[in-house]
Amino acid sequence: MNPLIETLNKAQREAVTAPLGHILVLAGAGSGKTKVLTHRIAWLLETGQARSHNILAVTFTNKAANEMRYRIDTLLTKPAGGLWAGTFHGIAHRLLRIHWQPANLPKAFQILDTVDQLRILRRLFKTLDIDEKQWSPKKAQKFINGCKDEGLRAKDIAVDEGDTWLTNMLSIYQAYEETCQRTGMVDFAELLLRSYELLRDNSALLESYQDRFQHLQVDEFQDTNTIQYKWLHLLVGSRGKLFVVFDDDQSIYHFRGAKIENIQKLQEDFADTRLVRLEQNYRSTDTILASANALIANNKDRLGKNLWTQDKAGEPVFLYTAYSETEEARFVAEKIQAWRGKRQEVAILYRTTAQSREFEEALLEKGIPYRIYGGLRFYERLEVKDLLAYLRLLRHRDDDSAFERVVNTPKRGIGERTIEMVRGVARQQGCSMWQAALRVPLKPRARNSLLAFLDLIERLSQRVKDLPLHEQVEQVKIASGLLEHYKKEAKEEAERRLENIEELANAARNFEKYSEPLTAFLDHAALESVQGNPSDDCVQLMTLHAAKGLEFELVFLCGLEEDLFPHKTSIEESSLEEERRLCYVGITRARKHLYLCHSESRYRYGRRDYCTPSRFIGEIPDKLIQEVRLRTAPGIGSTKKRAR
DNA sequence: GTGGCGTGGCTTTTT
DNA sequence: GCCACGCCAC
């Protein structure tokens with residue numbers, strides 16, 4: 001038998017070797033979905049049904065994309081040149097870089113991250129003189145991204161005369177679009193929408209890509225939003241073949257536009273689809289699986305599947321009731337202290353980020369190393385963004401957002417008034433802020449400071465222009481005054497910032513091989529900002545959302561209380577089924593040991609609230625659960641009133 | 001430019 | 001009840 005398929009079970013093999021057509025793979029948690037996806041690609045190549053440049057593989061996260069590339073490489077005997085594998089955003093971006101002209105973008109268009117986007121909107125609110133209280137920039141941001149995710153431009157949205165809210169939002173959207181277009185900025189949602197429009201409106205181009213990508217492999221399809229679906233639909237055309245892997249029970253991103261209905265839509269839009277179910281789980285014990293199955297059975301809106309395993313029952317699912325969130329954390333820390341396995345095999349999962357602090361403190365107290373996922377990414381850090389902004393300005397004097405960012409960072413006596421003047425002139429004369437700064441009439445003091453800045457950039461630019469990128473970073477660090485600036489901060493803070501800048505210089509080396517090193521570097525910074533490396537021997541703390549796709553020997557699922565999990569707003573918005581899926585994701589992360597924890601009271605919004613156990617606990621059969629009491633340890637449990 | 005004050009929000013988040 | 005952020009006054 002072909003070695004590619006001999007390690008597969010029957011269902012996996014069916015999916016991998018299915019004759020050409022649209023294949024939907026319903027892949028339960030831990031059923032080997034990445035394996036099927038990568039083996040399918042290898043199968044197509046090795047049986048000569050496809051050549052590598054005919055394949056496009058899309059995922060949602062960079063992590064998944066990297067994993068996929070790696071696994072394809074190890075499966076294949078020769079490298080798969082010409083195969084495109086990446087995130088939706090990454091591939092859309094690639095198309096726009098190649099076809100910037102028909103996409104109506106400047107060659108050096110820049111990617112806007114979430115923070116930059118908000119900055120632009122704030123400024124727009126000021127120029128348009130909109131009341132920030134009533135129409136907050138954050139809400140506008142949400143509105144705009146929501147529209148783009150749906151594939152809608154401002155002009156596509158019909159509005160009633162009387163609807164002031166919508167009218168206002170639309171005019172902001174419109175103004176924002178104009179600003180972005182004028183300054184060559186592209187936000188994340190725009191990458192997708194723009195590349196969709198690019199293909200839609202250029203039939204020759206579309207046809208060439210339809211010809212090329214005859215096989216489209218899609219991961220986590222349940223998380224696609226409207227524009228991603230439209231994009232795929234367009235690209236598949238009449239000849240392409242879809243191979244789509246999904247799990248409707250793990251759809252947890254509805255809140256940011258994911259459309260679980262896309263699964264049904266796909267089956268309607270493409271007549272000849274074939275569904276393969278992967279229901280054998282290779283991850284968890286029978287007890288853990290049975291719990292997950294029982295829980296998710298309470299959802300009405302699902303395709304329905306039943307995961308099974310050959311694994312034995314294992315130990316029961318443990319349930320711990322704490323008196324307070326502090327006690328909950330102490331219990332978890334104590335259990336981890338007693339754990340004899342590897343620490344990175346332990347995860348503490350919770351619904352909201354705010355819950356992490358209590359666990360941090362408990363772990364700290366016991367001297368247990370931990371790592372929290374989430375929070376600021378490397379390229380989102382202040383010092384990194386500051387330095388990158390200098391690099392941007394060195395390349396392009398007309399980059400207004402870079403200009404604004406660094407003109408007075410570090411402080412060099414150019415105040416808000418001065419900047420406002422510059423902005424005013426720029427708007428009036430329709431030029432960049434850099435150009436405006438050269439001619440703006442100012443009082444001597446402000447004028448001198450501003451000219452000194454312009455001069456600094458010009459001289460720096462001369463000095464640096466033939467240096468490799470990483471040396472540019474070093475030079476900018478010193479000449480800009482950022483180094484001195486950060487050194488003034490608290491010692492630890494300063495050290496961290498300087499370390500990050502070193503790291504940035506280091507990262508820059510990897511891009512020196514490109515023809516446009518800085519552009520490649522900046523794109524990477526915006527689009528592929530990976531979280532730091534998973535450090536060894538640390539307990540992992542993360543939200544349930546962050547845990548998707550991961551697995552651990554020992555899992556603590558915490559804060560299982562009504563109003564927290566399921567979260568209050570979800571109950572009100574009746575998106576309870578999504579909360580349940582989130583719980584399902586949490587349970588199925590565990591391989592061998594699972595603890596469900598809840599507290600009878602919790603300090604929230606400045607009050608101590610009394611909590612009832614989550615309905616999800618009650619949905620797991622009693623016979624699978626064993627309640628645990630904290631063994632009486634010094635200082636624990638004995639002084640506090642114990643309920644029950 | 002800094003510090004003090006007031007206000008809003010407070011679920012999840014990748015790119 | 002706390003924090004972050006924006007605004008204003010000095």
Side-chain angles (χ1 to χ4, degrees), chain A residues 58-65 86-94 111-119 122 125-126 132-134 136-139 141-142 145 148-149 186-193 195 219-220 223-225 227-228 251-258 349-357 373-377 379-380 408-419 445-446 449 523-531 542-549 559 563-573 575 578-579 581-583 585-586 603-609:
Chain A
V58 229
T59 62
F60 277 83
T61 64
N62 288 305
K63 199 168 154 237
T87 62
F88 276 100
H89 290 85
I91 286 164
H93 172 240
R94 196 165 172 180
I111 301 172
L112 219 51
D113 72 17
T114 319
V115 181
D116 293 336
Q117 184 184 37
L118 193 60
R119 270 168 80 117
R122 284 224 175 88
F125 268 61
K126 286 225 175 68
E132 284 205 20
K133 300 271 146 49
Q134 210 181 342
S136 83
K138 275 215 170 101
K139 284 191 182 133
Q141 184 177 35
K142 209 172 164 226
N145 292 337
K148 291 189 181 183
D149 283 345
V186 176
D187 61 49
F188 289 133
E190 183 74 23
L191 286 171
L192 299 173
L193 180 53
S195 91
D219 191 16
E220 306 264 24
D223 286 334
T224 48
N225 62 26
I227 190 66
Q228 285 161 338
S251 156
I252 55 174
Y253 283 109
H254 179 76
F255 73 93
R256 63 170 202 222
L349 308 181
Y350 36 78
R351 177 69 236 270
T352 69
T353 32
Q355 287 166 258
S356 70
R357 223 189 63 206
Y373 283 79
L376 269 195
R377 271 163 254 280
Y379 287 105
E380 283 167 10
N408 200 32
T409 312
K411 306 261 183 289
R412 44 175 76 91
I414 302 168
E416 192 45 43
R417 284 296 297 275
T418 311
I419 297 171
R445 206 173 65 156
S449 310
D523 287 345
H524 168 83
L527 220 47
E528 276 159 78
S529 47
V530 267
Q531 298 247 316
M542 65 191 87
T543 64
L544 286 151
H545 285 89
K548 193 162 88 158
D563 287 355
L564 180 62
F565 190 26
H567 198 273
K568 199 172 161 70
T569 46
S570 306
I571 299 172
E572 283 161 4
E573 288 170 20
S575 43
E578 179 143 313
E579 293 284 301
R581 292 193 289 268
L582 199 51
C583 189
V585 167
Y603 202 66
R604 282 215 292 177
Y605 305 132
R607 276 209 322 278
R608 180 151 291 281
D609 280 340

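Chain naming here is simple, since letters A, B, ... match the order of the sequence lines and numbering starts at 1 in each.
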- [ ] Answer yes or no: does atom CZ of A/R357 have more than 12 heavy-atom neighbours from other residues, nucleotides or ligands under 6.0 Å?
- [x]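 Atom CZ in A/R357 is not crowded, with 12 or fewer foreign heavy atoms closer than 6.0 Å.
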Task: Under-4.0 Å side-chain N/O to phosphate OP1/OP2 contact, A/N62 with B/dT14 - done: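 No, no such contact exists.
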- [ ] Answer yes or no: does a side-chain N or O of A/N225 lie under 4.0 Å from OP1 or OP2 of B/dT15?
- [x]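 No, because none of the side-chain N or O atoms of A/N225 sits under 4.0 Å from OP1 or OP2 of B/dT15.
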I need the [atom1]-[atom2] distance between [X] and [N], as an integer number of Å.
X      : N      : atom1 : atom2 : result
A/Q141 : B/dT15 : CD    : P     : 17 Å
A/D219 : B/dT14 : CG    : C1'   : 14 Å
A/N145 : B/dT14 : CG    : C1'   : 12 Å
A/R119 : C/dG6  : CZ    : C1'   : 14 Å

Examine distances only and state if a side-chain atom of [X] and a backbone atom of [Y] form a donor-acceptor pair shorter than 3.5 Å.
X      : Y      : value
A/R351 : A/L564 : no
A/Q141 : A/T114 : yes
A/E220 : A/T59  : no

- [ ] Would you mind telling me which of B/dT15, C/dC5, C/dG1 lies closest to the side-chain atoms of A/Y603?
- [x]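 The closest nucleotide is C/dG1.
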- [ ] Measure up the A/F255 and A/H545 rings against each other and bin them: parallel (under 30°), tilted (30 to 60°), perpendicular (over 60°).
- [x]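 Rings of A/F255 and A/H545: perpendicular, as their planes differ by over 60°.
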Report, one pair per line, the protein and nucleotides 10-13 of chain B atoms (nitrogen or oxygen only) whose separation is under 3.5 Å.
from	atom 1	to	atom 2	distance (Å)
B/dT11	OP2	A/Y605	OH	3.0
B/dT11	O4'	A/H567	NE2	3.2
B/dT11	O2	A/R351	NH1	2.9
B/dT11	O2	A/R351	NH2	2.4
B/dT11	N3	A/T569	OG1	3.3
B/dT11	O4	A/T569	OG1	3.4
B/dT12	OP1	A/T353	N	2.8
B/dT12	OP1	A/T353	OG1	2.2
B/dT12	O4'	A/R351	NH2	3.1
B/dT12	O2	A/R351	NH2	2.6
B/dT13	OP1	A/T543	OG1	2.6

Task: First encountered from the 5' end of DNA chain B, between A/F188 and A/I414 - done: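 It is A/I414, whose closest nucleotide lies nearer the 5' terminus.
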Task: CD-CD1 distance between A/E190 and A/I111, expressed to the nearest 0.5 angstrom - done: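 It is 11.5 Å, given to the nearest 0.5 Å.
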